[in-house]
Number of protein chains: 2
Amino acid sequence: MQRVTIKDVAEAAGVGVATVSRVLSGGSASPETRERVLAVAAQLDYRPSALGRNLRQRRTGGMGLLLPDLTDSFYGQLAEGVLACARAAGEPVMVGSTGDDAEQEAELVGMLVEQSVDRVIAVPSGGADVWLPAVRAGMTVVFADRLPPEPAPAAGGGDIDALADLMRLDGVAPPRQGEAPRTTARGLDVPAVLADDRAGVRTAVRYLTGLGHRRIAYLGVPGHSRRVAAFREALGGAVEEDLIVYAEGSRDSAYAAASGLFQARPDLTAVIAGGNVLGEATVLAARELDLRVPQDVSLVMYDDVPWAELCSPPLTVIAQPGHDIGYRAAELVLRGGGRRPRTVLLPTELIVRGSCGPRRR
Amino acid sequence: MQRVTIKDVAEAAGVGVATVSRVLSGGSASPETRERVLAVAAQLDYRPSALGRNLRQRRTGGMGLLLPDLTDSFYGQLAEGVLACARAAGEPVMVGSTGDDAEQEAELVGMLVEQSVDRVIAVPSGGADVWLPAVRAGMTVVFADRLPPEPAPAAGGGDIDALADLMRLDGVAPPRQGEAPRTTARGLDVPAVLADDRAGVRTAVRYLTGLGHRRIAYLGVPGHSRRVAAFREALGGAVEEDLIVYAEGSRDSAYAAASGLFQARPDLTAVIAGGNVLGEATVLAARELDLRVPQDVSLVMYDDVPWAELCSPPLTVIAQPGHDIGYRAAELVLRGGGRRPRTVLLPTELIVRGSCGPRRR
DNA sequence: ACATCTGATGGAATCGTTTCCATGCAGCGG
DNA sequence: CCGCTGCATGGAAACGATTCCATCAGATGT
């Protein structure tokens, strides 16, 4: 029970393999030949092997998808978006879960290289040390949901910093409609599909300050630096540094951070959780410390996951379109990272439910 | 900037390509040659291209993973398990989301065939018409979480049914410790890694009857027929058919089913939801109809998803080890489906929280 | 000392496809 | 009528690895 090869089709149709290949991949051929080949191919149920093609073209079709954690519903949504687009295009997707760890991410990129997969969608955890080599090696990379961490501010101003080289968040241009950060690099730039964090966080902060809150905390992951930046910006000069707390990706770490935050600053009256896992941890920690939501503390969480509505009280959230982000990223990477919009910003929406109330203390 | 090939290594080391290949894949070679080749390969940063190897071996490494929906946290956990095992083995994973639809599943299997991926882990949606061809074509298939739908009972008893051919749930053997269903077929059988649904559902039912409940409803998806069967079994002869309701995979369908159930049988006092999406829908529907949990209706949900604890009341759940199921399935498929245990049953656990109370009406 | 065996080694075939190039045929303008 | 262009076509090379097989050196056995 052998596989049907192009040679079989060629023989059966009485033509050369070159002709079959041309017909099947839309090259030129006389109408009659084309018809005959097509008929024979259909009859033999011929399916070209991706193996041969890949080797010849020195590249594997499809795309890689690297994200921190499939257990996180938001990344599940994002993945579904990518898969939907890939399926529409008939392309396979190789998925890797990085655990939000730069080293694992680098390993996975290595595997993709080994597989000659040259299109990748990534929710990046690592910085330029991971992504610069990949891009230099000719990969088409599209970032989704966030950008690689920015380089730590260089001590000496003139140092060439690889991170800065690959990724620069351009906050220079005058803010205008649809203002988008641009990720640039010398000669190469990586497109990205992001939620409009600036607007999202700003809206949330305004909503909270509108309710009278002054001591608002932000609980985030280091990866989403744009959200923290937006938080600082929205609050103006009035940020107290110890109201900004970071956790790693894991649930334990998130819980520890939330709990620590509540204990270190019992005077805070509102929290913005920069991700649904963080939101989850915040609810848990608050409950553990007998803080009532929203009477004692108001909560706004990133991501409109299905259970936000089930919580009691139902959570007020900053919704971002996970599915769309994935879909658009996949489109972009399939188009080879197209020339036009280097960064796509998708809108967020503040969905008000019951987890925020007026300041009471 | 060319890729380093085995030929480059061979030249640089002053040996033939065959020798390099042998050294790298553990064949025989003199110690000195081996060392020299290894050194050169390391120095050149040579990474064998999976493309060449795949073509020669007529198979793509790694495995495919087909599941209904990555948005469902349980499948996210399962996927993480698979990815963890695959990463440990250095194998890539091609993921496809079927939307619980047999047709899409078949398409995705077709794509895997095209890619010459011959190991697949699947949470099956389609029946034998999808999986029999795949197995016949030489794929190593491992089912996870559930088995393909059983064939509708044939009208004429003697009909050869392809579904029955591939999959037969063997309930014949006397129940003994660690009793496992076996999926068999003529000459080929597909291993499976499942949660012990029988025990899980039985425990839940006993818990509920122990609380005084008599009219217990089961809300499930058609795919998990084993759970319904277990529900029937646990209840003995006392099952009322209209207390068993099915929904498709989608959230809308789940909500409709839950809402319909409550309205059709306002006298029911407890619900077992056969999946976390169904549980979510049940909570929503109950709230919409002003049914209080657990005063008016008790709820046990399948899957210990993180938000079960956040709900109010926190949900009593049947926990199944999603991560382990995925990991074990990946192990199995990498071992080529091994000879030994054709089906692995993993234990479930009833985690009692606050969503069940004594019967009140 | 000769035959035989063992183990290391390299050349070449192979996998299935795409693509370059040469060939042959027909049509057309000069 | 010749030569040129243009198109359809098929043979063969290429992609990068694995693996069969022949060769050769050295060791062993008689």
Side-chain angles (χ1 to χ4, degrees), chain A residues 1-38 40-41 44-62 90 92 111 113-118 137-138, chain B residues 1-38 40-41 44-62 90 92 111 113-118 137-138:
Chain A
M1 181 106 136
Q2 293 270 32
R3 184 180 182 121
V4 181
T5 76
I6 199 175
K7 215 174 152 190
D8 300 323
V9 178
E11 271 174 35
V15 299
V17 290
T19 304
V20 177
S21 173
R22 264 186 302 253
V23 167
L24 261 26
S25 48
S28 74
S30 77
E32 45 198 70
T33 321
R34 148 167 277 110
E35 200 171 341
R36 186 151 36 100
V37 169
L38 252 26
V40 170
L44 262 51
D45 191 30
Y46 168 66
R47 311 195 58 169
S49 155
L51 258 38
R53 179 193 356 243
N54 290 347
L55 176 57
R56 172 64 222 234
Q57 313 192 140
R58 295 139 159 267
R59 54 178 298 270
T60 297
M111 164 188 303
V113 170
E114 198 160 310
Q115 300 290 330
S116 303
V117 173
D118 60 356
Chain B
M1 178 104 141
Q2 293 270 32
R3 184 182 183 118
V4 182
T5 75
I6 199 176
K7 212 173 154 189
D8 301 324
V9 178
E11 272 174 34
V15 299
V17 290
T19 305
V20 177
S21 173
R22 265 186 302 254
V23 167
L24 261 25
S25 48
S28 73
S30 76
E32 45 198 72
T33 318
R34 148 165 277 109
E35 201 171 343
R36 187 152 36 98
V37 169
L38 252 27
V40 171
L44 260 50
D45 190 31
Y46 167 66
R47 313 194 55 169
S49 156
L51 259 37
R53 171 179 350 181
N54 290 347
L55 178 56
R56 174 63 221 238
Q57 314 192 139
R58 298 154 170 238
R59 54 178 299 273
T60 297
M111 166 189 300
V113 170
E114 199 159 309
Q115 301 290 329
S116 303
V117 173
D118 59 358

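Residue numbers start from 1 in every chain, and the chains themselves are labelled A, B, ... in the order their sequence lines are given, proteins ahead of strands. Scope of the values below: all heavy atoms of this structure, side chains included, with no hydrogens, waters or symmetry mates.
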In whole angstroms, how far is the P atom of D:dT19 from the CZ atom of B:R58? 12 Å
Can you find a side chain N or O atom of A:T33 that sits less than 4.0 Å from OP1 or OP2 on D:dT9? yes
Answer with base, sugar-phosphate or nothing: what part of the nucleic acid does B:T5 contact at a heavy-atom distance below 4.0 Å? sugar-phosphate
Using whole Å, what does the distance between atom C1' of nucleotide D:dA13 and atom NZ of B:K7 come to? 12 Å
Any donor-acceptor pair under 3.5 Å joining the side chain of A:R56 to the base of C:dT17? no
Atom pair CZ/OG of B:R36 and B:S30 - distance to nearest 0.5 Å: 7.5 Å
Are any side-chain N or O atoms of B:R3 and backbone N or O atoms of B:R47, one a donor and one an acceptor, separated by less than 3.5 Å? yes
Expressed in angstrom and rounded to an integer, what is the separation of A:R59 atom CZ from C:dG16 atom P? 21 Å
Check the phosphate of D:dG16 against B:Y46, side-chain N and O only, distance under 4.0 Å to OP1 or OP2. Yes or no? no
A:Q57, CD: over 12 other non-hydrogen atoms inside 6.0 angstrom: yes
Base D:dT18 paired with B:R53 side chain (donor-acceptor, <3.5 Å): no
One should read off an interatomic distance between A:S49 OG and B:R59 CZ, to the nearest 0.5 angstrom, of 13.0 Å
B:L51 CG to D:dA14 P: how many Å, rounded? 18 Å
Start with the C-alpha gap between A:R22 and A:V37, add the side-chain angles, then the distance that decides, and say whether side-chain contact (heavy atoms from CB on, under 4.5 Å) holds. CA-CA 10 Å; A:R22 264 186 302 253; A:V37 169; over 6 Å; no
I want to confirm an ordering. Mapping A:P48 and B:E32 to their closest nucleotides on DNA chain C, which one lands closer to the 5' end? B:E32
Can you check the B:D118 CG to C:dC15 P distance for me, whole Å? 18 Å
Return whichever of A:R22 or A:L55 has its heavy-atom-nearest nucleotide of DNA chain D closer to the 5' end. A:R22
Steps toward side-chain contact (heavy atoms from CB on, under 4.5 Å) verdict (A:L38, A:L24): CA-CA 8 Å; A:L38 252 26; A:L24 261 26; 3.6 Å; yes
Write down the distance between CD (A:Q57) and P (C:dG16), rounded to a whole number of angstrom. 17 Å
Classify the nucleic acid contact of B:G52 as base, sugar-phosphate or nothing, counting any heavy atom under 4.0 Å across all strands shown. base
B:T19 side chain N/O closer than 4.0 Å to the phosphate oxygens (OP1, OP2) of C:dG10? yes
When the distance from CZ of B:R3 to P of D:dG16 is rounded to whole Å, what number comes out? 8 Å
Side chain of B:I6: nearest nucleotide among D:dT18, C:dT18, C:dT9? D:dT18
Picking from C:dT9, C:dG16, C:dT19, the nucleotide nearest the side-chain atoms of A:A18 would be C:dT19
Using a 4.0 Å heavy-atom cut-off across all strands, classify A:S28 as base, sugar-phosphate, or nothing. sugar-phosphate
Figure out the CG/P separation between B:L24 and D:dG16, and round it to whole Å. 16 Å
Nearest-nucleotide pick for A:S30, side chain only, options being D:dA8, C:dT17, C:dG10: D:dA8
